[in-house]
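Take a look at the structure below.
Predicted model, so just to flag it, every value in this text is computed and none were measured.
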Amino acid sequence: MSTPFSLLLPVYRGDRADHLARSFQSTVHEQVRRPSEVVVVQDGHVGPELASALERLESASPVPVRRLRLKHNVGLAQALQCGLSACSHEVVARMDADDISLPHRFAVQLPLVEAGADLVGAGMREFGESTPVGGLLRVPPTDPAEIAAEARLRSPFNHPTVVYRRSAVLQAGGYRELPLLEDYWLFTRMIESGSVVANVPEPLVLYRVDAGSYQRRGGLRLLRSELGLQRRLRAESFTSRAQMARNIAVRGGYRVIPVGLRKSLYRNRFTIEAGTLGETVEREAGPLGHRQDTQSCTRPEPRLDTRPGAGRELA
């Protein structure tokens, strides 16, 4: 008997209704192995177009949908923590409201969880008006030792692709407030607490980017979060003093360099051009576009080498 799992999907007023509809269609209707339920976290008030889209998706869904309506916008970390509490199942898959899952995503990832993994990520392909034809591939490390080593500098998981055990997330302290870097911080704590981690190199998610994506990967707000993250990783003994100094220089510097240079560094260091694989992007994504009961919620305070063959930030 296959393991039941929840799909956790946060939505806020900045999301587009058409992107949400495509995300939901790909991650529920089109999956070879569908989630057992969808938990939608509506993070504060949304406009009428997005509200109507949510109603349509809920009524037409082939699996139960639970919508958690938060009275006020609380931010991604707390919204996800609230969503975790509302999930009925131990295994939870993450999805963002503007990305696209390939049909076999869960059929590939769930067997790794069933084999004992606590956290499973995958490769992803970026697509959008600002990417080359075919998109850009982000391939994560797959060896557990390499995953742990890379986590000392940047996130070894593409956060929109992950599937995890809720108990492992909560054991590591759950999602904590750290604007734009909450996923990366969670993954480091899961690794440190002994979670069994794995990655699938195959791109299973199409990640939507737009002309402003590289601008959003920098700036003073993200620099402040970056410095806060590095202090926390050092305080938790996840990094050494030398690693902290390196990270502040490299990652902090990346946040303040000109956008054009940031774009060039990101593409050259963290991605590969997909080339002729662009047919998959076009088929799955379609034409490229530009990117109630209420409830309150408060925040709660080994190795697996299962390689099948062989970040929205720099995080």
Report the residues that fulfil salt bridge (Lys or Arg N to Asp or Glu O under 4.0 Å) with [X], sequence neighbours left out, ordered by chain and then residue number.
X      : answer
Arg33  : Glu114
Arg34  : none
Glu192 : Arg152
Glu146 : none

Quick one, [X] and [Y] - any side-chain contact, counting heavy atoms below 4.5 Å?
X      : Y      : value
Leu102 : Leu206 : yes
Asn247 : Leu153 : yes
Tyr164 : Val120 : no
Pro140 : Pro156 : no
Val40  : Arg66  : no
Val28  : Pro62  : yes
Val205 : Ile100 : no
Val92  : Val169 : no

Under 4.5 Å between side-chain heavy atoms, hopping through other hydrophobics if needed: is there a path connecting [X] to [Y]?
X      : Y      : answer
Ile191 : Tyr175 : yes
Val63  : Leu54  : yes
Leu178 : Tyr12  : no

Is a salt bridge present between [X] and [Y], judged by a nitrogen-to-oxygen distance below 4.0 Å?
X      : Y      : value
Glu58  : Arg67  : yes
Arg13  : Glu49  : no
Arg232 : Glu236 : no

Looking at every heavy atom in both [X] and [Y], which two are closest together, and how far apart are they?
X      : Y      : result
Tyr184 : Leu233 : OH-CD1, 4.4 Å
Pro4   : Val91  : O-CB, 4.1 Å
Leu7   : Pro35  : CB-CB, 4.0 Å
Leu137 : Pro203 : CD2-CG, 4.0 Å
Ser23  : Leu9   : OG-CD1, 4.5 Å
Pro10  : Leu80  : CG-CD2, 3.9 Å

Using modelled atom types and a 3.5 Å cut-off, is there a donor and acceptor pairing between side-chain atoms of [X] and backbone atoms of [Y]?
X      : Y      : value
Thr27  : Phe24  : no
Glu226 : Arg255 : no
Arg234 : Thr239 : yes

Taking atom types as modelled and ignoring hydrogens, do the side chains of [X] and [Y] form a donor-acceptor contact shorter than 3.5 angstrom?
X      : Y      : value
Ser167 : Glu90  : yes
His104 : Glu202 : yes
Glu37  : Ser6   : yes

- Task: Report the residue from Val108, Thr161, Val163 that forms a side-chain contact (heavy atoms from CB on, under 4.5 Å) with Leu204.
- Result: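 It is Val108; the other options fail the test.
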- Going through the distances and angles, do Phe187 and Val162 end up as a side-chain contact (heavy atoms from CB on, under 4.5 Å)? CA-CA 10 Å; Phe187 301 152; Val162 298; 3.9 Å; yes
- Output all residues satisfying side chain to side chain contact (heavy atoms under 4.5 Å, CB included) with Pro179, sequence neighbours left out; order by chain, then residue number.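 Here the qualifying residues are Glu177, Arg221, Ser225.
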- Would you list the pairs meeting salt bridge (Lys or Arg N to Asp or Glu O under 4.0 Å) in which at least one residue belongs to residues 158-171, sequence neighbours left out?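 Checked against salt bridge (Lys or Arg N to Asp or Glu O under 4.0 Å) - neighbours excluded - the pairs reaching residues 158-171 are Asp118-Arg165.
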- Evaluation steps, salt bridge (Lys or Arg N to Asp or Glu O under 4.0 Å), between Glu30 and Arg105: CA-CA 10 Å; Glu30 297 172 3; Arg105 175 188 169 188; over 6 Å; no
- Message: Checking Phe106 against Phe5 for the ring-ring contact (aromatic ring centres under 6.0 Å, His included) test, could you report, in this order, the C-alpha distance in whole Å, the side-chain angles of both residues, the deciding distance, and whether it holds?
- Response: CA-CA 10 Å; Phe106 300 135; Phe5 69 100; 5.0 Å; yes
- Going through the checks in order, is the side-chain contact (heavy atoms from CB on, under 4.5 Å) test met by His159 and Ser155? CA-CA 8 Å; His159 71 264; Ser155 177; 5.9 Å; no
